[in-house]
Amino acid sequence: MPRTRQAITIRHVAADAGVSHQTVSRVINRDPNVRPETMGRVQASIEKLGYVPSIAARLMGGSKSHLILALNDRDRTIADWRDQEGTDWVDQMLLGGMLTCAEHGYRFLIELIDTHGDHIERELSATIAAVQPDGVVLTPPHSHNPVILGLLRDWGISFARIGSRTEGPGFTLTMDDERAARLATQHLLGLGHRRIGLIAGPDSYEVSGWRVEGWRAAMAEGEANTSGLLATGDFSFASGRAAAASLLDSAAPPTAIIASNDQMALATLGLCRERGVAVPERLSLISFDDTPIVRFAHPPLTAVCQPIAAVFSRAVELIIAERRGKPPPNSTTTIEAVLIPRASTSIPRST
């Protein structure tokens, strides 16, 4: 009677391949010193027998876990899921992280951590102890949290920090948000807009400041005034609506608005519809993120498309390379966002 998958052990694979169980272990752990022909023979036995390496057994034997853990903001992620107003940020994290991990024999997991809580050290310590990852990918606002950075450094865990240039340990990666905000602003200036409003994100995210800087720089280059044209939200739909209302109700309202994420852009679009402000005839609108919903809005929104999957893929590659003894890069890795023009932007209406 054939063995079930659960009964197959590393010793069965070793016997089938004609090697020691230590050699099988080295193949599973991607040891570069294993000869290619031996590697191929062991892999063939693993596939034939249906052997699944046990993470617990790996860890007990002192081997790598072959797990990469990504930490995302708990409150914001859960709120998006519950309200069914979420973006595809997590989807893109999984796309980039999982596919790249699979190429290297790793697995990719996501854990939600409350960066604003006063128990973050205990919570993160419990997570790391349970999962024992080989590496961690940090997303904003975790990417520059000194408690998290210090814990990971002290534990000797390789980690990548997305959306942060703050000095500290770990690899840093950005999507060059300052340049992206410049592109969006320059697009509107090129259409003839002079009063271009910006709905910024919260200060707890480094990228929020970079986008404000890019907007200000482009406006200065275009000799356009920014006075009274900056509003702030917290990336939620409600905050975007309030920020858009403050801009539209000002004494000299903008003819165009750039919103720092899709939810705030959609809130602006909805408010315009309620007030009879036609987009783009009376107000041009640009969003950040470019999730599927803005492509099917009416009108489809011009948007900054952030290469989230590509950034996570690169973050995983850097972590795995370091684990394999390759030297880390000397500077921040940048994968640039692009602007995708659609029907929500046009020349300003004549006054």
Side-chain angles (χ1 to χ4, degrees), residues 72 76-77 79-99 139-140 162-163 175-177 179-188 190-191 193 196-201 205 207-208 211 214-215 233-241 243-244 254-275 277-313 335-348:
N72 211 42
R76 194 173 307 283
T77 303
D80 288 346
W81 287 341
R82 283 177 173 165
D83 295 339
Q84 297 185 350
E85 294 175 354
T87 68
D88 67 347
W89 169 270
V90 173
D91 290 349
Q92 294 300 309
M93 286 173 61
L94 291 169
L95 174 63
M98 291 181 71
L99 291 183
T139 63
I162 292 175
M175 292 174 265
D176 202 347
D177 290 78
R179 172 184 168 276
R182 277 177 176 262
L183 287 177
T185 309
Q186 289 168 347
H187 173 70
L188 293 168
L191 291 172
H193 292 274
I196 302 170
L198 175 68
I199 301 177
Y205 286 68
V207 296
S208 298
R211 292 174 188 177
W215 167 73
D234 62 9
F235 292 139
S236 69
F237 189 92
S239 74
R241 180 182 174 90
T255 61
I257 290 177
I258 302 169
S260 286
N261 79 333
D262 286 346
Q263 288 194 41
M264 295 195 296
L266 291 170
T268 302
L269 181 64
L271 181 64
C272 287
R273 185 173 293 118
E274 290 176 19
R275 294 186 174 194
V277 177
V279 175
E281 291 81 5
R282 288 183 56 195
L283 182 84
S284 285
L285 181 59
I286 294 181
S287 180
F288 267 79
D289 292 341
D290 193 39
T291 54
I293 192 169
V294 303
R295 303 170 211 167
F296 299 108
H298 182 70
L301 300 187
T302 295
V304 172
C305 180
Q306 300 189 89
I308 298 166
V311 170
F312 273 87
S313 175
I335 301 177
E336 295 181 342
V338 297
L339 180 72
I340 301 179
R342 296 195 182 95
S344 66
T345 52
S346 69
I347 60 174

task: Just jot down the side-chain contact (heavy atoms from CB on, under 4.5 Å) partners of Ala256, sequence neighbours excluded, or say none.
output: Leu188, His193, Ile196, Ser284
- request: Give, for atom OG of Ser313 and atom CE of Met98, the distance between the pair rounded to the nearest 0.5 Å.
  value: 13.0 Å
message: How about CE on Met93, more than 12 heavy atoms from neighbouring residues, nucleotides or ligands closer than 6.0 Å, or not?
response: yes
- request: Please assess Val90 against Asp80 for the test side-chain contact (heavy atoms from CB on, under 4.5 Å), listing each intermediate value before the final yes or no.
  value: CA-CA 11 Å; Val90 173; Asp80 288 346; over 6 Å; no
task: Could you tell me whether Arg211 sits above the aromatic face of Phe288, with NZ or CZ closer than 6.0 angstrom to the six-membered ring centre and within 45 degrees of the axis?
output: yes
message: Testing the basics here: between Gly240 and Ala267, what is the closest heavy-atom pair and its distance to 0.1 Å?
response: C-CB, 3.9 Å
message: Does Thr185 form a side-chain contact (heavy atoms from CB on, under 4.5 Å) with Leu198? I'd like the steps, not just the answer.
response: CA-CA 9 Å; Thr185 309; Leu198 175 68; over 6 Å; no
CD1-OG1 distance between Ile258 and Thr302, expressed to the nearest 0.5 angstrom: 10.5 Å
- prompt: Roughly how far apart are Ser287 OG and Arg295 CZ, rounded to 0.5 Å?
  reply: 11.0 Å
- prompt: Is there a donor-acceptor pair under 3.5 Å between the side chain of Ser344 and the backbone N or O of Leu285?
  reply: yes
message: Checking side-chain hydrogen bond (donor to acceptor under 3.5 Å, both in side chains) between Trp89 and each of Asn72, Thr291, Asp289, which is the one that passes?
response: Asn72
message: I need the minimum non-hydrogen distance between Ile335 and Ala310, along with the two atoms involved.
response: CD1-O, 3.5 Å
task: Before giving the answer on side-chain contact (heavy atoms from CB on, under 4.5 Å), spell out for Arg273 and Val279 the whole-Å C-alpha distance, their side-chain angles and the decisive distance to 0.1 Å.
output: CA-CA 8 Å; Arg273 185 173 293 118; Val279 175; over 6 Å; no
statement: Correct closest heavy-atom pair for Ala243 and Ile199 would be CB-CG2, 3.6 Å
task: Kindly give the heavy-atom pair with the smallest separation between Ile286 and Ala303, and that separation in Å.
output: CG2-CA, 4.4 Å
query: Considering residues at least two apart in sequence or located in another chain, which fulfil the salt bridge (Lys or Arg N to Asp or Glu O under 4.0 Å) criterion with Glu336?
result: Arg179
query: So, for Ala184 and Val304, which heavy atoms are closest and what is the spacing to 0.1 Å?
result: CB-CG2, 4.3 Å
- prompt: Quick one: side-chain contact (heavy atoms from CB on, under 4.5 Å) partners of Ala343, sequence neighbours excluded?
  reply: Pro299, Pro300
message: Going by side chain to side chain donor-acceptor pair (under 3.5 Å), name the residues that satisfy it together with Ser260, two or more places apart in sequence or in a different chain.
response: none
message: Applying side-chain contact (heavy atoms from CB on, under 4.5 Å), can you list everything that pairs with Leu95, at least two apart in sequence or on another chain?
response: Gln92, Leu99, Ala309
query: Which pairs pass salt bridge (Lys or Arg N to Asp or Glu O under 4.0 Å) with one or both residues in residues 338-347, sequence neighbours excluded?
result: Asp290-Arg342
statement: Taken to the nearest 0.5 Å, the spacing of Leu269 CG from Glu274 CD works out to 10.5 Å
- prompt: How many angstroms lie between CG in Leu283 and OG in Ser346, if you round to the nearest 0.5 Å?
  reply: 9.5 Å
query: Just checking, is any N or O donor in the side chain of Thr345 or His187 under 3.5 Å from an acceptor N or O on the other one?
result: yes
statement: Hits for side chain to side chain donor-acceptor pair (under 3.5 Å) against Asp234, two or more places apart or cross-chain, chain-then-number order -> Ser236, Ser239
query: side chain to side chain donor-acceptor pair (under 3.5 Å) with Ser208: which residues, sequence neighbours excluded?
result: none
task: For Arg275, enumerate each residue passing the side chain to side chain donor-acceptor pair (under 3.5 Å) test, keeping only those at least two apart in sequence or located in another chain.
output: Asp249
message: Could you work out, with side-chain contact (heavy atoms from CB on, under 4.5 Å) as the rule, every residue matching Arg182, not counting sequence neighbours?
response: Glu178, Gln186, Ala217, Ala218, Glu221
query: Taking atom OG1 of Thr268 and atom CZ of Phe237, what is their separation to the nearest 0.5 Å?
result: 8.5 Å
